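Just so we're clear, the structure is a prediction, and the values are computed from it rather than from any experiment. All values below come from the heavy atoms of this structure, side chains included, with hydrogens, waters and symmetry mates left out.
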Amino acid sequence: MFSQEAVVTSSQTYEITPVGVLRTPYQSVAQAPIQGAFEPQGEATLEVGEQYTEGLDDIEGFSHLIVVYLLDRAGEVRMKPLPLLDDTPHGVFATRNPRRPNKLGLVVASLVRHDGRTLHLRGVDALDGSPVIDIKPYVARFDSFPDASEGWFAGRENRPKPPGRE
């Protein structure tokens, strides 16, 4: 058993080794969509390291994948960032802002096809060359919660990315 306080104040670190890399058309934050869902036809590939190829067995049976990647070019952490879909700052854990303490990004992408070590995807919002930490199958039965509340996102319309914001 562990105490909540011990976890929050722990200085323990963990080593994470990327399993692959994303290849996308986005070279800068300004080019990337706010979320992958805003660019559902945007094509990308995920190249998996040779030592992880066997881990892709049976993946083609899934229409969507959860891709966890590093926001390796995100700037300094902001605890109250100004999100893209609102003009009021919110706590970082109540946003999708990339300036997070552990710089982890997550996208649910459509799997178009699987060729050897390469996954062809659609709907990815990551910058080209983003290291991939993990790939998981999206399973609607486990991952979809139609009655979930959207917090401050509720009622906010999708809009273009405001200039100078990420």
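Between Phe142 and Lys136 there is no side-chain heavy-atom pair separated by less than 4.5 Å. At least one side-chain heavy atom of Asp115 sits less than 4.5 Å from a side-chain heavy atom of Arg113. In this structure the side chain of Leu22 reaches within 4.5 angstrom of the side chain of Val124, judged on heavy atoms. No side-chain heavy atom of Pro131 sits less than 4.5 Å from a side-chain heavy atom of Val21. Between Ser130 and Asp72, the closest side-chain pair of non-hydrogen atoms falls below 4.5 Å. When side chains are defined from C-beta on, Val68 does not count as touching Val132, because their heavy atoms never get closer than 4.5 Å. The shortest distance between side-chain heavy atoms of Leu119 and Thr45 does not fall below 4.5 Å.
One finds the CG atom of Leu85 at 10.5 Å from the CD atom of Glu150 (value rounded to the nearest 0.5 Å). Taking OG1 of Thr24 as the start and CD of Glu43 as the end, the distance is 12.0 Å to the nearest 0.5 Å. Residue His120 holds its NE2 atom at 9.0 Å from NE2 of His114, rounded to the nearest 0.5 Å. Taking OG1 of Thr88 as the reference point, atom NZ of Lys80 lies at 9.5 Å (rounded to 0.5 Å). In this structure, Thr95 OG1 and Leu84 CG are separated by 9.0 Å, a value rounded to the nearest 0.5 Å. Rounding to the nearest 0.5 angstrom, the gap separating the CZ atom in Arg78 from the CZ atom in Arg99 is 3.5 Å.
In this structure, Gln51 places its CD atom where more than 12 heavy-atom neighbours from other residues, nucleotides or ligands lie under 6.0 Å away. Atom CZ of Arg100 has more than 12 neighbouring heavy atoms from other residues, nucleotides or ligands inside a 6.0 Å radius. Within 6.0 Å of CG in Asp57 there are more than 12 heavy atoms belonging to other residues, nucleotides or ligands.
Gly42 approaches Tyr26 most closely through the heavy-atom pair CA-OH, 4.4 Å. The two atoms that bring Pro89 and Leu82 nearest to each other are N-CD1, 3.7 Å, heavy atoms only. Scanning both residues, Pro101 and Val92, for their nearest heavy atoms gives CD-CG1, 4.4 Å.
Side-chain N or O atoms of Asn102 include none that pairs as donor or acceptor with a backbone N or O of Leu104 at under 3.5 Å. Panel note: side chain Arg117, backbone Val48; a donor-acceptor pair is recorded below 3.5 Å.
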Evaluate side chain to side chain contact (heavy atoms under 4.5 Å, CB included) for Tyr52 paired with Val19, printing each intermediate quantity in order.
-> CA-CA 7 Å; Tyr52 302 111; Val19 299; 3.9 Å; yes
Pair Val77-Lys103, side chain to side chain contact (heavy atoms under 4.5 Å, CB included): steps then yes or no = CA-CA 8 Å; Val77 175; Lys103 304 204 183 303; 3.9 Å; yes
Apply side chain to side chain contact (heavy atoms under 4.5 Å, CB included) to Val29 and Leu127, showing your working.
-> CA-CA 7 Å; Val29 172; Leu127 296 181; 4.2 Å; yes
So Leu65 and Ile59, side chain to side chain contact (heavy atoms under 4.5 Å, CB included) or not? Walk me through it.
-> CA-CA 9 Å; Leu65 301 174; Ile59 205 163; 3.7 Å; yes
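With sequence neighbours excluded, the residues forming a ring-ring contact (aromatic ring centres under 6.0 Å, His included) with His90 are Trp152, listed by chain and number. Scanning for side-chain contact (heavy atoms from CB on, under 4.5 Å) contacts around Val108 gives His64, Ile66, Tyr138, with sequence neighbours left out.
A donor and an acceptor atom, one from each side chain of Tyr69 and Asp125, are located under 3.5 Å apart.
Both Val139 and Val67 are members of a single hydrophobic cluster when ILVMFWY side chains are connected at heavy-atom separations under 4.5 Å. Following chains of ILVMFWY side-chain contacts shorter than 4.5 Å, one can reach Val107 starting from Leu111, so the two form part of one hydrophobic cluster. Neither Val112 nor Leu56 shares a network with the other; the hydrophobic side chains, linked directly or stepwise wherever heavy atoms of I, L, V, M, F, W or Y lie under 4.5 Å apart, form separate groups for each.
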